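Report on the structure given below.
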Protein chains: 2
Amino acid sequence: MLRLTKQTDYALVLLSLIARNGASEMFTARDLARRTNIPLPMVSKILKRLGKEEILHSVRGASGGYRLARDPSEVSVAEIILTLEGPISITECSGESDTLCALECSCPVSSTLQRVNRAVIDALEGISIGDVAAPHHAASDPKPCSCTAPLIGAPGA
Amino acid sequence: MLRLTKQTDYALVLLSLIARNGASEMFTARDLARRTNIPLPMVSKILKRLGKEEILHSVRGASGGYRLARDPSEVSVAEIILTLEGPISITECSGESDTLCALECSCPVSSTLQRVNRAVIDALEGISIGDVAAPHHAASDPKPCSCTAPLIGAPGA
DNA sequence: TGCATACAGGACCAGATTGGTCCCAATTCG
DNA sequence: CGAATTGGGACCAATCTGGTCCTGTATGCA
Ligand code: FES
Ligand code: FES
């Protein structure tokens, strides 16, 4: 547990797939759905949301599609989570919201929880989509990784 | 988002309260509920679960209760999450389960996601309940922090 | 001009998860 | 014996989420 939503999970796979094929290439939702085995409406929904932010650039009309709006190395995993799930806050008291426990005391629990939260955020900000897309720095991978169709077994079990 | 369940949130508050009052003192669920404003049945449910693991030691009968089974510095936040929510895995592919994407390929996405996951786990393992309970290392806190009743505003808004 | 393609922006539903409550049995102390 | 307290469930209502679908708009091409 302590899990991202499936939508975010999908987004990481999709973005990594896009990033792997060059930042400037264009992909249609249909194409990405075929290559990842993620249901098309889902892919569409996710890309739409990413398109509204400065993560993907969308082009309408025939021969339209999506491409990365920025260099893969400049889009962090944290930012994707932020876009799809809102601010990262491990607990209600760990964020900046202060909606509850609003006793306006410098609560020791909340202060430490914020530290925990910060640590998690730092970890997620330190990894970019470029990293996710191309982790094989040391050696090129000889096996034909079928990760272009990664979630094929997901719905089943 | 990327949030723990409320139960885990509660658990952190409860354990930190216990840890703050010395590791060997005994607390009843009723007492903790009063002091935290967390509903008693909820407190009870959480403590029961923590008692089954080696986190809390429980004593039945009249004048029974709970106390920490180990030193506060030896119980990590990660362990509490593990106990209440199961293994920490950011995505389905980031854990060791391999239930899906089980194409048995060395998937670059999943390998990096595991790295992300590892980073999060490391961050959470590096913080103990003792840290959460007593973060005021540099200076003692002058304000009377009402964090013994932290979640009072939670249900409302 | 007409049409096929593709994104934009919703509404909508069913299933799963979770917060929360409650009940009853077992244990211990006075 | 009786009060207090944990143990271990079942149980329900509300929320969240994955997933689908529909209608509109923009673009390219014959
Ligand atoms: S103020 Fe949020 S836990 Fe104390
Ligand atoms: S095998 Fe899990 S994402 Fe590729």
Side-chain angles (χ1 to χ4, degrees), chain A residues 1-14 18 25-34 36-53 55-67 69 81 84-86 91-92 100 151 154-157, chain B residues 1-14 18 25-34 36-53 55-69 81 84-86 91-92 100 151 153-157:
Chain A
M1 287 299 117
L2 188 67
R3 178 159 300 184
L4 284 65
T5 64
K6 218 164 203 173
Q7 244 185 74
T8 311
D9 190 348
Y10 286 159
L12 291 175
V13 173
L14 290 169
I18 296 175
E25 190 168 339
M26 196 84 124
F27 291 87
T28 69
R30 182 180 307 275
D31 185 22
L32 290 171
R34 243 195 318 257
T36 59
N37 272 69
I38 300 171
L40 172 58
M42 210 59 204
V43 172
S44 199
K45 182 191 251 183
I46 295 168
L47 296 180
K48 273 185 258 182
R49 297 189 60 189
L50 294 174
K52 293 184 66 174
E53 314 300 318
I55 295 177
L56 287 179
H57 177 73
S58 68
V59 175
R60 283 193 179 189
S63 76
Y66 296 91
R67 67 176 163 76
I81 298 175
L84 294 178
E85 308 192 9
T91 66
E92 306 198 49
L100 71 154
L151 293 171
Chain B
M1 285 302 117
L2 188 67
R3 179 159 301 183
L4 288 80
T5 64
K6 216 165 203 175
Q7 243 184 75
T8 311
D9 191 349
Y10 286 158
L12 291 175
V13 173
L14 290 169
I18 296 176
E25 190 168 339
M26 196 85 125
F27 291 88
T28 70
R30 180 180 308 273
D31 185 22
L32 290 171
R34 243 195 318 258
T36 58
N37 273 69
I38 300 171
L40 171 59
M42 209 61 203
V43 172
S44 199
K45 182 192 254 185
I46 295 168
L47 296 181
K48 272 183 256 182
R49 296 189 60 189
L50 293 174
K52 291 183 67 173
E53 313 300 316
I55 295 177
L56 288 180
H57 177 73
S58 68
V59 175
R60 282 194 179 187
S63 76
Y66 295 90
R67 66 176 163 77
L68 286 176
I81 298 175
L84 294 178
E85 309 192 8
T91 66
E92 307 199 48
L100 72 152
L151 294 171

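The structure presented is a predicted model; accordingly, all values stated were derived computationally and were not measured. Reminder, nothing fancy here: chain letters follow the sequence lines and each chain counts from 1.
- Across all strands, A:P39 comes closer than 4.0 Å only to sugar-phosphate atoms, never to a base (heavy-atom distances).
- Between the P atom of D:dA4 and the OH atom of B:Y66 lies a distance of 17 Å, rounded to the nearest Å.
- To the nearest 0.5 Å, atoms CG (B:D31) and CE (B:M26) are separated by 12.0 Å.
- Atom CZ of residue A:R67 and atom CD1 of residue A:I18 lie 11.5 Å apart, to the nearest 0.5 angstrom.
- Among B:V43, B:D9, B:L50, the single residue meeting the side-chain contact (heavy atoms from CB on, under 4.5 Å) criterion with B:L14 is B:V43.
- Residue A:S58 places at least one side-chain N or O under 4.0 Å from the OP1 or OP2 atom of C:dA8.
- Rounded to whole Å, atom P of C:dA6 lies 12 Å from atom CG of A:L32.
- A:A11 approaches A:L84 most closely through the heavy-atom pair CB-CD1, 3.4 Å.
- Taking atom NZ of residue B:K48 and atom P of nucleotide C:dT27, one finds them 15 Å apart after rounding to whole Å.
- Side-chain nitrogen and oxygen atoms of A:R30 include none within less than 4.0 Å of the OP1 or OP2 phosphate oxygen of C:dT5.
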Apply the test side chain to side chain contact (heavy atoms under 4.5 Å, CB included) to residues A:R49 and A:E53: give CA-CA distance (whole Å), side-chain angles for both, the deciding distance (0.1 Å), then the verdict. CA-CA 7 Å; A:R49 297 189 60 189; A:E53 314 300 318; over 6 Å; no
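- For the pair B:I46 CD1 and D:dG7 P, the interatomic distance rounds to 14 Å; values are reported in whole Å.
- Remark: B:P41 pairs with B:P39 by the side-chain contact (heavy atoms from CB on, under 4.5 Å) rule, at least two apart or across chains.
- Atom CZ in B:R34 sits about 13 Å away from atom C1' in D:dA4, given to the nearest Å.
- Heavy atoms of A:G65 sit under 4.0 angstrom from primed sugar atoms or phosphate atoms, though from no base atom.
- Between A:D9 atom CG and D:dG18 atom P there is a gap of 9 Å when expressed in whole angstrom units.
- A heavy-atom distance below 4.5 Å is not found between the side chains of A:K52 and A:K48.
- With rounding to the nearest 0.5 angstrom, the CG atom of A:L47 is 11.0 Å from the CE atom of A:M42.
- When the C1' atom of C:dT5 is taken as reference, atom CZ of A:F27 falls 18 Å away, rounded to whole Å.
- With rounding to whole Å, B:L47 atom CG is found 9 Å from D:dG7 atom P.
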Close N or O pairs between protein and nucleotides 14-19 of chain C (under 3.5 Å):
residue : atom : partner : partner atom : Å
C:dG19  : OP1  : B:K6    : N            : 2.4

How does each nucleotide of nucleotides 24-30 of chain D score, in 5' to 3' order, for protein heavy atoms under 4.0 Å: base (B), sugar-phosphate only (S), or none (-)? -BBBS--
As a quick check of understanding, evaluate side chain to side chain contact (heavy atoms under 4.5 Å, CB included) for B:K45 and B:Q7, giving each step before the final call. CA-CA 9 Å; B:K45 182 192 254 185; B:Q7 243 184 75; 3.9 Å; yes
